[in-house]
Amino acid sequence: MRYRGAPYNRMIVQESFDTDAMHPLSRIQQRFRDALQGMAADVEPYVAMVKPAQDARHGDYQANCAMSLAKTLGKKPRDIAQQIVGKLDLGDLLQAPEIAGPGFINLRLRDDWIAARLRDMAADERLGVAAAQAPRTIVIDFSSPNVAKPMHVGHLRSTIIGDALARLFRFLGHRVIADNHLGDWGTQFGMLLHAFKNFRDEQALKSDPVREMLRLYLKVRELMRAAEVDEDDAGPSARTYSADEIAQARQVADAARTETARLHAGDAENVALWEQFMPWCLEEIDRIYRRLDVRFDHTHGESFYNPMLDGVVRDLLDKKIAEESQGAIAIFLDPERKQPPALVRKKDGAFTYTTSDLATIRYRADTWQPDAMLYVVDARQALHFKNLFTAARKWGYDKVALEHVSFGSVLGEDRKPLKTREGGAVELGSLIEEAVARAGQMYEQIRAERIERGDEVPELTAEERKQIEEAVGIGAVKYADLCQNRATDYVFSWSKMLAMTGNTATYMQYAYARNRSIFRKGDVDVSRFRASPPPVVVAHPAERALAMELLRLEETLHSAAAEYQPSDITNYLWNLSKSYSSFFDKCPVLKADTPELRDSRLLLCDLTARTIQQCLGLLGIRTIEMM
RNA sequence: GGGGCUGUAGCUCAGUUGGACAGAGCAGCGGAUUUCUAAUCCGCCGGUCGGGGGUUCGAAUCCCUCCAGCCCUGCCA
């Protein structure tokens, strides 16, 4: 299969999807590949024109290659279509194709073939998704917060998208190295050092150092706000400041800068304090990661690379890749020198993040020999990564695929960068708390409505209820983010996110819970449907629609991986869950007309549940058995 | 000045890299429950795909141009 206009280096990762796929589309394309032999020098572009039908009335899949092939051959499209169909080995796979309109070939899978594949899928732990035959090693760089300050909403997308990609590639059989490139060496530590030396509360430090670190950071940030030094977090000033306040803020900012410089210069006291602070800072971010169920294989922050920076610059100079310019050391990437160069050492002798990122590339390439390094970072850094990758390739790292997996900003409902009412960044901890609390309220409300209506409502323990709140609240936050195309800015909206209807995590979780309820109610042991799946009957249109969605799992995961696009998975989940809800409504399972039909439908249910659980799991979202 | 991203229904967004009459959700309107969880299902309403030009049998998609918004652009990361 060809993937959409992928740049050459990306194929390093993607070509592994070509050979392993066994999903229906891939098999149909293989039949077309054979049938098209001899009709064109390179048949692949035409094979790629076989795709899922956009409209169910045109079948399951459609081939659009006859029209363009007819043009190059100077023949009539419908004749070419006829010719292709004549050579096509349909085998047991497809019903008789239909030629429609100008020369579309409409394809419909045979129901008995679908039924057989569903049984295969049920018997397979991986739900028919082949593990890569040639696993790639992929470093994924994501989240990367500055550790001295609270994680805020700006870290959300990177963390969630990066984690989803790590889970996806791992499931597809690749070797994934999730690496959290912490900002643990920057100016925020100067702020913390200044605050610690001047404002620390010994008592608080003893009893709860993590909280005290947080308080100190927030205090110094507040003091500096008038100078707009940490603008990124504090936001535009919510009010105007007096001359005194501005003077004081500048003084504090200067002091913080001095502390940072001393730390970087190796000042013994500051380095010792930094070593003391780090575990406390890490504990704070780990708390968030535990809550979000996000894991890393490595946490190599900027400080880890700091000792290598001098050597990197020397090597760049030795190899004539970098040169002195206006007192700084620069890499000119534009041969005409019209574009600004990337600086690897400032005129004051300090290194830049380009230096640190180059050191990182060297370390990762030497240590893990990866096929690809993915950087899940906000789109505003596109230029930096473009320059970084160009510099890295000049430096000799031209075999590894370097990819900036970029994404848009998180905006408030006013379409401006999301801020609290006070103008600061929304902290991730409080955002999670609010999501969980809102999920709890929502649950109570719906429960009350159901009781009012006389519905049967499951009796839950406090612990089970807590599980629902966590899964629904955090799932809502993650899903809302992942379901959007990465490229566009993302408008953060509680009401949309926690909506009970539409393309939300809750809808999938609910579909899953209702599904599991059938097995409880019927006292059905699911293991039978996995160990020796019963025959499947594809009769009702809702059954067939559901079956078709189930068979698209592998195709979906390959596309999501090839495009680094978790929203492909959420779109799939939405279609699958909709098909399931419709099936649930129209096709009685436990009270099906015959035992055979009941078994067949139970198998469809179990497969759906497993597929939903698998897909949500790849997005880092939990399912709940009862809600 | 240069570069990037975005513009599709009242709102939020899909749109499988050039295919069939442009699709969802929300909102609005109207239906469905003696049957497995109604956090559900079914239907209706709603579009100058930012404007204009071009390529093509065929364009939301490719090319040109203009408009609007956001972002980046040598010593912050």
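Note on naming: letters A, B, ... go to the chains in the order of the sequence lines (proteins, then strands), and numbering restarts at 1 for each one.
For A:Tyr507, the listed nucleotide lying nearest its side chain is B:C41; candidates were B:C41, B:C36, B:U37. Comparing B:C42, B:C13, B:U37 by their nearest atom to the side chain of A:Ser582 picks out B:C42. In the set B:A20, B:U17, B:C36, B:C36 carries the atom at the smallest distance from any side-chain atom of A:Phe584. Nearest to the side-chain atoms of A:Pro52 among the listed nucleotides B:G58, B:U16, B:A20 stands B:U16.
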Anything under 3.5 Å between a protein N or O and an N or O of nucleotides 22-24 of chain B, put it in a table, one pair a line.
{"residue": "B:A24", "atom": "O2'", "partner": "A:Trp574", "partner atom": "NE1", "Å": "3.0"}

Every protein N/O within reach of nucleotides 43-45 of chain B N/O, cut-off under 3.5 Å:
none

### Message
Each nucleotide in nucleotides 67-77 of chain B should get exactly one letter: B, S or -. Can you fill that in based on protein heavy atoms under 4.0 Å?
### Response
----SSSBBSB
### Query
What string of B, S and - do you get for nucleotides 27-34 of chain B 5' to 3' if you count protein non-hydrogen atoms under 4.0 Å?
--------
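With sequence neighbours left out, the ring-ring contact (aromatic ring centres under 6.0 Å, His included) criterion links A:Phe332 to no other residue. Contacts of A:Asp357 classified as salt bridge (charged side-chain N to carboxylate O under 4.0 Å, His left out), with partners at least two apart in sequence or in another chain: none.
Side-chain contact check for A:Met191 versus A:Arg221: some heavy-atom pair is nearer than 4.5 Å.
Base engagement by A:Ala100 is indicated by at least one non-hydrogen atom pair under 4.0 Å involving a base atom. Within 4.0 Å (heavy atoms only), A:Asn106 reaches at least one base atom of the nucleic acid.
Judged by ring centres under 5.5 Å apart and planes tilted less than 30 degrees, A:Phe104 fails to stack against the six-membered base ring of B:G19.
Contact of A:Arg514 with B:A39 (side chain to base): no donor-acceptor pair of N or O atoms is detected under 3.5 Å.
In this structure, A:Lys586 does not reach the B:U40 phosphate: none of its side-chain N or O atoms is under 4.0 Å from OP1 or OP2.
Between A:Asn515 atom CG and B:A38 atom P the separation is 13 Å, expressed in whole Å.
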